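Have a look at the structure below, then the notes.
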Amino acid sequence: MTELLKISLPDGSVREVEAGSTPADIAAAIGPGLAKAALAARVDGEVRDLNRPFEGDAELALITSRDEADALELARHDYAHVLAEAVQALYPGTQITFGPATGDGFYYDVMAPASREPFSSEDLPDIEAKMREIIKADKPLRREVWSRQQLIDKWESEGETFKAEWAKELPENEELTVYWSGDDWLDMCRGPHLASTGKLDPDAFKLMRVAGAYWRGDQRNAQLTRIYGTGWLNKKQLKQHLHNLEEAAKRDHRKLGREMDLFHLSDVAHGSVFWHPKGYRIWRELESYMRRKMDGGGYREIKTPQVMDARQWEQSGHWGKYRENMFVIPDEVPNTEDDGPVISGEADWMALKPMNCPAHVLVFKQGITSYRDLPIRLGEMGCCHRNEPHGALHGLMRVRQFTQDDAHIFCTEAQVVEEVRKFCELADGVYKDFGFKYEIKLATRPEQRFGSDEDWDKAEQELRDAVVEAGMATEEFGWEELPGEGAFYAPKLEWHLTDAIGRTWQVGTIQSDRVLPERLDATYIGEDGDKHRPVMLHRAIFGSYERFIGILIEHFAGKVPVWLAPVQAVVAPIVSDIDGYAEEVRAKLEAAGIRVNADLRNEKINYKVREHSLAKVPHILVVGKREAEEGKVTMRTLGEKDQQVLTLDEAMAMLIKAATPPDLLI
């Protein structure tokens, strides 16, 4: 009697199929439309090939292009394999290594044959053409299970030294697989893959660039060529992505920072920012805004030292986790085990603080705290230092010295949900003031962590409950959980902002921590007269001022809101005879609190307007003889075609309103 397997579908129905059947068989049985649209299958939660047979009763969900995240991951994985196949077809003797999918595409690391120079951007058109040929050939992608020795023998016989090295390190007791492309090319891979190369759109990818890469990421090893590509499900998506890249290049905060004279970066201070007067004005306005928000939220601002004894970092647990990213004074410190002893003899090792939390615990511990005093909310515009790798530094987005809008809330367990709910509402108001949409994610316990499972259970549930009470655990707020992505001491809520061109930035966070109060012996006196541990909530909204300013510059393409603009208006006379009136207008606007300059240079008015427009000045007030006689100005607003002729009082009223921070508008 033929064995029948029961396959449960998402609609609740169950289909009985013969042993050896595949998800593709079920798709075909449901209908030709689904058979054509199906790209892969999720079997008992695991993404698999359509043609991989069921191994027993299972739950099945078919993946189509509507399941965009899964579909893109599969397509990009396949594009990487097609890239490797194309390179070897065009240039026999090329060695291949590995090529994963990335956030917007794929890459593959290869070594050119000894007979030619390393690959360059000039080779990309030919490789693209070969890839399209392979895709259009609709070659079946077929999975096979091989032994480790089979893999080693194949790669060694074909001179694939990198693949052979890797194969020798594979475990013998695991299922090892290869994927054939047709009958003439294969790569070792865990999969899954699409059913054939023809499932890819030949017009939905583009090779972008080449770069150097070391085998296994080690500069002591052979240098390879990494070929990068971007891959999508259809031509429309590719076109939009390329447009976004062009737009991102125009908005690059480093480029705009130079053009607007906001800041500069220098080799004399890798990873630190030299803020110019205009850039620091943006910083000061943001800082004033955040102070008002924190004052209104019941936070008390403190200031803590930049340099602290290494014993403090050892006790907090950061030494074992962050030592390689800390600036230590002196810089020579004995090697230690994680959490092992730091100090030997009378050496006095110090470190620049990479975060503010241990210092805030020390402030909390001064004196005796009663449960009646809780919650205590301590805030700091805290400057921190982290020794980020040189190659990871990126303008304002990744720096070594940064300042956080940091705060820590010390509270009882019973107060956690309410405090997190209040923070959710505070963060919501801030992001809306800047016009950002956002999503909230819960990052849960990582494998390597401090604290008991019981405490992690409590902390994660408290964060969930707070988001529910805030009304934000909904599709509108993109609520989702990120397993394993919490900090080593606490789970956290993350706020992911979406900018004007669709990119996301993780900025705000709140973490529910029971570990640090325990390690640093923070206590309060409870209602019962005994000592108790507070829960410590770590929270920030901007994240760091440097990065948030970089995000703002790119989000607004330099045209930041008027209340943040370093120069909010420029008065530009058409002829020098009007300089006196221009200076009078400037003085009145300045007295009203407007950041305003008068451009009295002997230049044509079109030149002045163009120059100040490029500098992203929000308003240019042009004055000529008629305006001087009538007490008026002609206002040109950045980004608008039409100009307005206004009385000086009307212009002042408009500018004052535009220059008022959103939290101060009545």
Side-chain angles (χ1 to χ4, degrees), residues 68-69 286 289-299 374-379 404-445 455-487 490-500 502-514 534-543 548 551-552 555 561 661-666:
E68 189 165 291
L286 286 173
Y289 168 88
M290 186 52 69
R291 278 200 168 95
R292 292 192 297 271
K293 288 290 188 179
M294 292 176 72
D295 288 347
Y299 293 85
L374 302 180
I376 291 175
R377 307 179 187 98
L378 300 178
Q404 296 178 306
D405 63 313
D406 205 3
H408 295 88
I409 302 168
F410 297 88
C411 61
T412 67
E413 285 197 356
Q415 294 169 331
V416 170
V417 172
E418 177 64 8
E419 286 300 307
V420 176
R421 182 195 66 78
K422 288 180 179 178
F423 176 76
C424 290
E425 293 175 352
L426 176 63
D428 177 71
V430 170
Y431 298 139
K432 283 180 177 176
D433 280 346
F434 292 93
F436 282 117
K437 294 182 179 180
Y438 64 83
E439 296 183 340
I440 303 178
K441 317 289 185 186
L442 172 59
T444 61
R445 68 196 75 186
D455 283 346
W456 279 88
D457 289 341
K458 287 181 186 177
E460 290 172 358
Q461 193 57 47
E462 287 163 349
L463 296 182
R464 290 187 189 98
D465 291 345
V467 177
V468 169
E469 289 201 12
M472 296 177 180
T474 65
E475 186 176 337
E476 175 190 355
F477 291 95
W479 172 249
E480 106 180 73
E481 299 197 7
L482 306 175
E485 295 191 22
K492 58 182 177 176
L493 294 175
E494 300 176 348
W495 275 256
H496 295 251
L497 306 187
T498 301
D499 71 10
R503 298 172 300 182
T504 58
W505 306 90
Q506 195 264 299
V507 285
T509 182
I510 187 165
Q511 305 164 356
S512 180
D513 177 15
R514 287 167 167 81
V535 177
M536 184 178 183
L537 305 177
H538 309 243
R539 47 113 295 173
I541 297 177
F542 291 160
F548 195 73
I551 293 169
L552 287 178
H555 176 63
D663 62 309
L664 297 180
L665 285 171
I666 299 175

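Owing to the predicted nature of the structure, the values given are computational and were not obtained by experimental measurement. Position 1 is the first residue of the sequence, and the numbers go up from there.
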Worksheet entry | Any side-chain heavy-atom pair of I409 and Y299 under 4.5 Å | yes
Fill in: Euclidean distance, W505 CH2 relative to F436 CZ, rounded to 0.5 Å
9.5 Å
Worksheet item: Taking only residues two or more places apart in sequence, or in another chain, which ones meet R539 in a salt bridge (charged side-chain N to carboxylate O under 4.0 Å, His left out)?
Response: D405
Worksheet item: Side chains of M472 and D428: closer than 4.5 Å at any heavy-atom pair?
Response: yes
Discussion item. Just to verify, what does Q404 make a side chain to side chain donor-acceptor pair (under 3.5 Å) with, not counting sequence neighbours?
Written reply: N356
Practice prompt. Go through V467 and L442 one step at a time and tell me if the side-chain contact (heavy atoms from CB on, under 4.5 Å) criterion holds.
Written response: CA-CA 10 Å; V467 177; L442 172 59; over 6 Å; no
Worksheet item: So do the side chains of V417 and E469 get within less than 4.5 Å of each other, counting heavy atoms only?
Response: yes
Worksheet item: Roughly how far, to the nearest 0.5 Å, is CD of E462 from CD1 of I510?
Response: 11.0 Å
Item to complete: For the residue pair R377 and K422, establish whether any side-chain heavy-atom pair is separated by less than 4.5 Å.
Response: yes
Item to complete: Write out all pairs satisfying ring pair (Phe, Tyr, Trp, His ring centres under 6.0 Å) with one or both partners inside residues 405-428, taking only residues at least two apart or from two chains.
Response: H360-H408, F364-F410, H408-H538, F423-W495
Discussion item. Quick check against the 3.5 Å criterion: does H496 have a side-chain atom that pairs as donor or acceptor with the backbone of T504?
Written reply: no
Worksheet item: Can you tell me how far CG of L493 sits from CG of L463, rounded to the nearest 0.5 angstrom?
Response: 4.5 Å
Worksheet item: Looking at side-chain heavy atoms only, is the closest gap between M290 and F542 below 4.5 Å?
Response: yes
Worksheet entry | Pairing residues for T474 by the side-chain contact (heavy atoms from CB on, under 4.5 Å) criterion, not counting sequence neighbours | E476, F477
Worksheet item: Under the salt bridge (charged side-chain N to carboxylate O under 4.0 Å, His left out) test, which residues partner D663, sequence neighbours left out?
Response: R292
Fill in: Under the side chain to side chain donor-acceptor pair (under 3.5 Å) test, residues paired with R503 that sit two or more places apart
D499, E554
Worksheet item: If we ignore angles and hydrogens, is there a donor and acceptor under 3.5 Å between the side chains of Q461 and D465?
Response: yes
Item to complete: Working to the nearest 0.5 Å, report the span between CG of L482 and CD of Q506.
Response: 9.5 Å
Discussion item. Among residues at least two apart in sequence or on other chains, which ones pass ring pair (Phe, Tyr, Trp, His ring centres under 6.0 Å) with Y289?
Written reply: F434, W563
Worksheet item: Considering residues at least two apart in sequence or located in another chain, which fulfil the side-chain contact (heavy atoms from CB on, under 4.5 Å) criterion with E425?
Response: R421
Practice prompt. Please tell me if the side chains of V416 and S512 come closer than 4.5 Å, counting only heavy atoms from C-beta onward.
Written response: yes
Worksheet entry | Interatomic distance, Q511 atom CD to E494 atom CD [nearest 0.5 angstrom] | 9.0 Å
Discussion item. Counting C-beta onward and ignoring hydrogens, is there a side-chain heavy-atom pair between V507 and I541 closer than 4.5 Å?
Written reply: no
Worksheet entry | Close side-chain approach of E413 and R514, heavy atoms under 4.5 Å | yes
Response to the item:
Residues passing the salt bridge (charged side-chain N to carboxylate O under 4.0 Å, His left out) test with E485, sequence neighbours excluded, are none
Worksheet entry | Exercise: identify the closest heavy-atom pair between A407 and M294 | CB-CE, 3.9 Å
Fill in: Those residues that, when tested against R291, pass side-chain contact (heavy atoms from CB on, under 4.5 Å) (two or more places apart)
E287, E301, M381
Worksheet entry | Residue list, side-chain contact (heavy atoms from CB on, under 4.5 Å) with E460, at least two apart or on another chain | T444, R445, W456, R464, P491
Practice prompt. Provide the closest heavy-atom pair for A500 versus H555 in the form atom of the first, atom of the second, distance.
Written response: N-ND1, 2.9 Å
Worksheet item: D433: what forms a salt bridge (charged side-chain N to carboxylate O under 4.0 Å, His left out) with it, not counting sequence neighbours?
Response: K293
Discussion item. Main chain of K492, side chain of K441: is a donor-acceptor contact present, judged purely on distance under 3.5 Å?
Written reply: no
Fill in: Donor-acceptor under 3.5 Å (Y431 side chain, G508 main chain)
yes
